[in-house]
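Notes follow the structure.
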Amino acid sequence: MTAIEQYLIDTYRASQQGAPMPPPPGRDDVAVVRAARGYVQFRAVLDGRTARRPWRAALRRLLSRPRPC
């Protein structure tokens, strides 16, 4: 059974019982990724390392890449 099918079953059950609707699948995925990234940065600071931002390094690599002639 897929997540969508389970969501539809849970939604139907909630409507029959008068319970609040469940959240749609994938609604909190971005928040979970942000929290995980924040935790990694927090652990880096506690371990005495700098909390790096990977998107800055990726942008620096992209901009400093030698261009083919």
Side-chain angles (χ1 to χ4, degrees):
M1 180 177 301
T2 65
I4 297 295
E5 292 169 341
Q6 184 64 46
Y7 172 70
L8 292 174
I9 291 171
D10 291 341
T11 302
Y12 175 75
R13 186 178 300 134
S15 68
Q16 295 297 314
Q17 296 175 355
M21 295 293 176
R27 184 185 76 176
D28 298 324
D29 290 351
V30 174
V32 169
V33 170
R34 283 185 183 150
R37 184 180 60 204
Y39 179 74
V40 168
Q41 290 177 347
F42 175 71
R43 290 300 308 172
V45 170
L46 290 181
D47 293 340
R49 296 179 282 127
T50 58
R52 298 182 180 189
R53 302 199 182 270
W55 58 270
R56 284 185 183 174
L59 183 61
R60 189 176 301 117
R61 280 192 309 268
L62 182 66
L63 293 176
S64 66
R65 202 180 281 179
R67 305 243 190 268
C69 295

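Here, residue 1 is the first one in the sequence, and each next residue gets the next number.
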For residues 22-41, tabulate all N or O donor-acceptor pairs below 3.5 Å that involve a side-chain atom, not counting sequence neighbours.
unit_1, atom_1, unit_2, atom_2, d
Q41, NE2, R52, O, 3.2

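With rounding to the nearest 0.5 Å, the separation of CG in D10 from CD in E5 is 12.0 Å. For the atom pair CD1 (I4) and OG1 (T11), the distance works out to 9.5 Å, reported to the nearest 0.5 Å.
With sequence neighbours excluded, the residues that form a side-chain contact (heavy atoms from CB on, under 4.5 Å) with Q17 are R13.
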